[in-house]
Amino acid sequence: MMMISWFTFVLLSFASFRLTRLVVYDKITAFLRAPFLEREIVSLEDGSMEEQITIKGKGIRYGIGSLLSCYWCVGIWTAAILCIGLYFFNPIFMPIVIILAVAGVAAIIETIVSYFL
């Protein structure tokens, strides 16, 4: 059975948060989502704008699109990949986890600071 320290758990949590946002929302990974999802900005009756997501295709393509449009689904898979990678390939995955965790904390801090400024 794999036991991890609280520090490693916190690192994995922030790393999973950042990797999930990277896959689901960030512009830099839009090319990965493009074959499976179509995003459109629509104007609502009250004048506000909303992003509407349409899943493309059928079968496996539709399944992958459904996965990529779900923050919670991608979160489980990124957490699993990071945990398994850390367990079996620690020297390779630990620097990746640390970088993602630091980026995740930085994103949270930026969001908080932006809210108050």
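Just so you know, residue 1 is the first one in the sequence shown, and it goes up from there.
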Would you say [atom1] of [X] has more than 12 non-hydrogen atoms from neighbouring residues, nucleotides or ligands within 6.0 angstrom?
X	atom1	value
L44	CG	yes
I60	CD1	no
F89	CZ	no

Sub-4.5 Å side-chain heavy-atom contact between [X] and [Y]:
X	Y	value
L37	T54	no
I84	F88	yes
V23	L68	yes
R18	T20	no
I108	F14	yes
S13	F9	yes

Go through the steps for M94 and L86 under the test side chain to side chain contact (heavy atoms under 4.5 Å, CB included), then give the verdict. CA-CA 6 Å; M94 185 51 88; L86 201 59; 3.9 Å; yes
Shortest non-hydrogen contact from [X] toward [Y]:
X	Y	result
I53	S69	CG2-CB, 4.3 Å
V74	L67	CG2-O, 3.2 Å
C70	V24	O-CG2, 4.4 Å
S16	T78	OG-OG1, 3.3 Å
P95	N90	CD-O, 4.3 Å

Answer yes if [X] and [Y] sit in the same cluster of Ile, Leu, Val, Met, Phe, Trp and Tyr residues linked by side chain heavy atoms under 4.5 Å apart, and no otherwise.
X	Y	value
V102	L82	yes
I28	I99	no
I4	I92	yes
Y87	L100	yes
F36	Y62	yes

Steps toward side-chain hydrogen bond (donor to acceptor under 3.5 Å, both in side chains) verdict (T8, S5): CA-CA 5 Å; T8 303; S5 70; 3.0 Å; yes
Charged N to carboxylate O below 4.0 Å: is that the case for K56 and E38? no
Below 4.0 angstrom, N of the basic side chain to O of the carboxylate: do D26 and R33 qualify? no
All pairs passing ring pair (Phe, Tyr, Trp, His ring centres under 6.0 Å) where residues 93-117 contributes a residue, at least two apart: none
Euclidean distance, [Y] [atom2] relative to [X] [atom1], rounded to 0.5 Å:
X	Y	atom1	atom2	value
L19	T29	CG	OG1	9.5 Å
E51	Y25	CD	OH	8.5 Å
W77	I81	CH2	CD1	7.5 Å
E40	Q52	CD	CD	6.0 Å

Within residues 92-110 or reaching into it, pairs that qualify as side chain to side chain donor-acceptor pair (under 3.5 Å) - sequence neighbours excluded: E110-S114
The criterion is side chain to side chain donor-acceptor pair (under 3.5 Å); which residues satisfy it with T111, sequence neighbours excluded? none
